[in-house]
Amino acid sequence: MSQKKSNAQLVIKRYEENKKTFAHCLICSTAPINAESQYREDLTSKVSLDSSYPIADIKLVLLNFIKAKWGESGKDVLNKISIVLDIHGFNVPFKNLEENTYEPLAKKFKDDVAKKNIEDFEDFVLFINFSWSSEPIIKSKLIKWIEPLQAMPVMLWIFIIAGISTAFFLSNPLSSLALILVGMVVCLIFLRLAVYFRDRDRAANYGVFDAVELVRWMQVILDEILLELDPQAKERLKLCPDFYGRANLSFIAHSVGCFVATHTIRVLSDVFDQSAIKRWKQKSPDGPFGENSKPIASLTKDEEIQNLGDFFRLKTLVIASPDIPIWAITTGRTNFLQSCLHRFKEVYLFTNDADMILRLASTAANFFMFPSASRVGGYRLGNLTITQERRYGVLSYGNDAIGIRGLTHTIPLKDDPFNCEVDISKSFTIIDCTDYKDKLVGSHPSASSSRRLSAFTANNSFATFFNYILTAFKHFSGISQIDSHGGYFRGEFCRDLIYSLALYGKEKTQKKSQVIEENWEQKFKDHQMAWIEANDDRDCNATEK
């Protein structure tokens, strides 16, 4: 009996090179939307299963670059390579990502490269748009709306039939209870149609591990290239593990994509690495069983913590509107991501107080999932903001001025329930974009600027409440260009800032903008953004592996 051919775990659907110093590709996980499917259905809507680029294309362009920069021995040659993974959020099927993200980015990169001479390029960048299996909320086929009813367990059908029957034939308290039961089942159907939890499940069980395999195979490719160019590569690496240097690995993530990115790093980290065990011992002789006797600041100064695998160094993490708990940047045991986030040389957090997707949909959806005993504890990281009167430019704030705005009052990170003991801005650069104002990407140079993420500026609880209402109305009605969840990528300055930070880091990005000494800060003032500076002296007291 012949065996059925299995599909690839990852496929390269789009691939472009720019002057052999920049490659841009769209790599997709093939995990199906429904477990019964053999292949991810949205990959077949526009292109056939066979229209994929071979991984050999990526290997060849890396080989040619490394060979050109090899020199006498290849020493530190990998330091000239940067790999950037751009990971989308939920409700982003392949076609949406291809047309609204990949293609505009390809045009932007092509235009940026065309402005420079080939001699200006010293490094090679491999930019990857990673598409994990995300399901659209709006269905194009009737069968997609019927699927939830077909998949509904028999017990829920019994509840509906029994509830409706009881309510119809009886007129006593039992009928009210029956209607409540029917309402609960209808609520479950609604949550299924919203696809949020289905996307979270695919992100956790497919997106994360497919991203892990993608990074691991990049290491395999680099290993094969080094062996091809230097037969003595393994012996050199035994004597000096960093002889060939390390390629910079950076991440850009949005919304649920931040969950994929951070958990990918946690999985990739070598838990049996002796240096990781050594760092535990430096804090406490009993490791995870002992109290953290030493602050983390003295440990994060060691660049070894940024090393990943044999050939990578974690450089930059840019997370925009992250749909992860706000506890991810607080101090204390509740911060379950500290061991991941502290591995990056630079971390940038783009937030919006008026992000109504996170404030309404995400907090409600995570209400019965996330282990928080307070309403404030259930807020998402993407809603972090300045809790004092808003100012713009390059600022320096502590935990008493950074936190969450509620409907009636503000909650700084230094207060209950967070009780942040140290200044979290020492670990992150926070870019508060709540009042972000800019012209639309691709618009005419003379086009006027308008708000992208919120309806108006609010500095008190009364105004904040109405800002949320008006922002939600404009966001969901489509009567304006306000996108409270994804507006970061719709304005030119903010979009360019996100990609520039991931590609070049703060120093080079700042030099590109700083025509005059005050230009960097002035740009943030002009666009009504607050850049809250990070301090290299990190000392957050959180669990570190």
Side-chain angles (χ1 to χ4, degrees), residues 6 8-13 15-30 52-85 118 121-128 130 209-251 264-265 267-276 303-316 343-345 503:
S6 61
Q9 185 174 349
L10 297 165
V11 292
I12 305 172
K13 284 300 182 183
Y15 179 80
E16 297 179 49
E17 292 179 23
N18 289 313
K19 295 184 178 179
K20 299 183 179 180
T21 60
F22 193 102
H24 179 203
C25 56
L26 173 55
I27 297 181
C28 305
S29 162
T30 62
S52 300
Y53 292 86
I55 189 66
D57 287 349
I58 293 179
K59 181 178 180 180
L60 179 60
V61 72
L62 286 171
L63 172 63
N64 290 336
F65 176 82
I66 293 175
K67 186 184 297 184
K69 301 291 182 178
W70 187 262
E72 294 184 0
S73 63
K75 183 173 176 56
D76 296 331
V77 67
L78 296 184
N79 291 343
K80 299 179 180 296
I81 297 176
S82 293
I83 300 176
V84 181
L85 262 66
I118 191 66
F121 293 93
E122 290 293 331
D123 300 337
F124 179 87
V125 174
L126 173 61
F127 193 97
I128 300 172
F130 177 66
F209 296 102
D210 287 349
V212 167
E213 293 306 318
L214 169 58
V215 175
R216 287 211 308 175
W217 205 251
M218 289 297 107
Q219 171 164 303
V220 170
I221 289 174
L222 292 176
D223 186 46
E224 291 176 348
I225 290 174
L226 292 177
L227 282 174
E228 183 176 337
L229 296 177
D230 183 5
Q232 305 299 318
K234 288 194 177 297
E235 287 71 19
R236 288 185 188 273
L237 291 172
K238 287 180 181 179
L239 296 174
C240 180
D242 291 341
F243 178 82
Y244 299 104
R246 288 179 175 268
N248 293 314
L249 180 62
S250 300
F251 288 79
T264 295
I265 296 302
V267 174
L268 284 168
S269 301
D270 188 357
V271 295
F272 289 103
D273 181 26
Q274 289 300 313
S275 61
E303 290 188 0
E304 187 179 20
I305 199 174
Q306 298 167 10
N307 294 342
L308 186 69
D310 295 329
F311 304 124
F312 297 117
R313 178 180 294 109
L314 293 173
K315 182 183 178 184
T316 308
R343 295 181 180 276
F344 289 88
K345 183 179 180 180
L503 289 168

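The chain is numbered in sequence order, starting from 1.
- Taking CD of Glu228 as the start and CG of Leu226 as the end, the distance is 10.0 Å to the nearest 0.5 Å.
- Ile305 is not listed as a side-chain neighbour of Leu314, based on a closest heavy-atom distance of 4.5 Å or more.
- Rounding to the nearest 0.5 Å gives a distance of 6.0 Å between CD1 of Ile265 and CG of Leu308.
- With a 4.5 Å cut-off on side-chain heavy atoms, Asp223 and Val220 do not count as touching.
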Which is it for Lys13 and Ser52 under the side-chain contact (heavy atoms from CB on, under 4.5 Å) test, yes or no, and what are the steps along the way? CA-CA 5 Å; Lys13 284 300 182 183; Ser52 300; 3.1 Å; yes
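- Ring orientation note: the planes of His24 and Phe127 are nearly perpendicular, at an angle over 60° on the 30°/60° scale.
- Ion pairing of Lys238 with Glu235 is absent here, as no side-chain N (NZ or NE/NH1/NH2) approaches a carboxylate O to less than 4.0 Å.
- Counting heavy atoms from C-beta outward, Phe344 and Ser250 have side chains that stay 4.5 Å or more apart.
- Using a 4.5 Å heavy-atom cutoff, the side chains of Phe65 and Ile225 are not in contact.
- Every side chain to side chain donor-acceptor pair (under 3.5 Å) that Asp230 has, sequence neighbours left out, goes to Arg236, Tyr244.
- Side chain of Ser29 to backbone of Leu10: no donor-acceptor contact under 3.5 angstrom is found.
- Panel note: side chain Gln219, backbone Asp310; a donor-acceptor pair is recorded below 3.5 Å.
- Scanning for side chain to side chain donor-acceptor pair (under 3.5 Å) contacts around Asp57 gives an empty result, with sequence neighbours left out.
- In this structure, the separation between CZ on Arg313 and CD1 on Ile81 is 12.5 Å, given to the nearest 0.5 Å.
- Considering only heavy atoms from C-beta on, Leu229 comes within 4.5 Å of Leu63 through its side chain.
- From Leu222, atom CG reaches atom NZ of Lys59 across 10.5 Å, with rounding to the nearest 0.5 Å.
- Inter-residue side-chain proximity for Cys28 and Asp210 is flagged as unmet; no heavy-atom pair is nearer than 4.5 Å.
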Using the rule given for side-chain contact (heavy atoms from CB on, under 4.5 Å), can you reason through Phe124 versus Ile66, listing the C-alpha separation, both sets of side-chain angles and the distance that settles it, and then say yes or no? CA-CA 9 Å; Phe124 179 87; Ile66 293 175; over 6 Å; no
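- Asp242 places a side-chain heavy atom less than 4.5 Å from the side chain of Asn307.
- Distance CD/Gln232 to CZ/Phe243: 11.5 Å, rounded to 0.5 Å.
- Using cut-offs of 30° and 60° for the angle between ring planes, the Tyr15 and Tyr53 rings count as tilted.
- A donor-acceptor contact shorter than 3.5 Å links the side chain of Arg246 to the backbone of Gly309.
- Note that CG of Leu85 and CD1 of Ile128 are 5.0 Å apart. Values are rounded to the nearest 0.5 Å.
- For the pair Gly245 and Asn79, the tightest heavy-atom approach, listed with the atom from each and the gap, is CA-OD1, 3.3 Å.
- Among all heavy-atom pairs drawn from Ile12 and Pro54, the shortest one is CD1-O, 4.0 Å.
- When side chains are defined from C-beta on, Met218 counts as touching Phe312, because their heavy atoms get closer than 4.5 Å.
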Using the rule given for side-chain contact (heavy atoms from CB on, under 4.5 Å), can you reason through Phe311 versus Ile221, listing the C-alpha separation, both sets of side-chain angles and the distance that settles it, and then say yes or no? CA-CA 10 Å; Phe311 304 124; Ile221 289 174; over 6 Å; no
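- Between Phe22 and Leu503, the closest heavy-atom pair is CE1-CD2, 4.5 Å.
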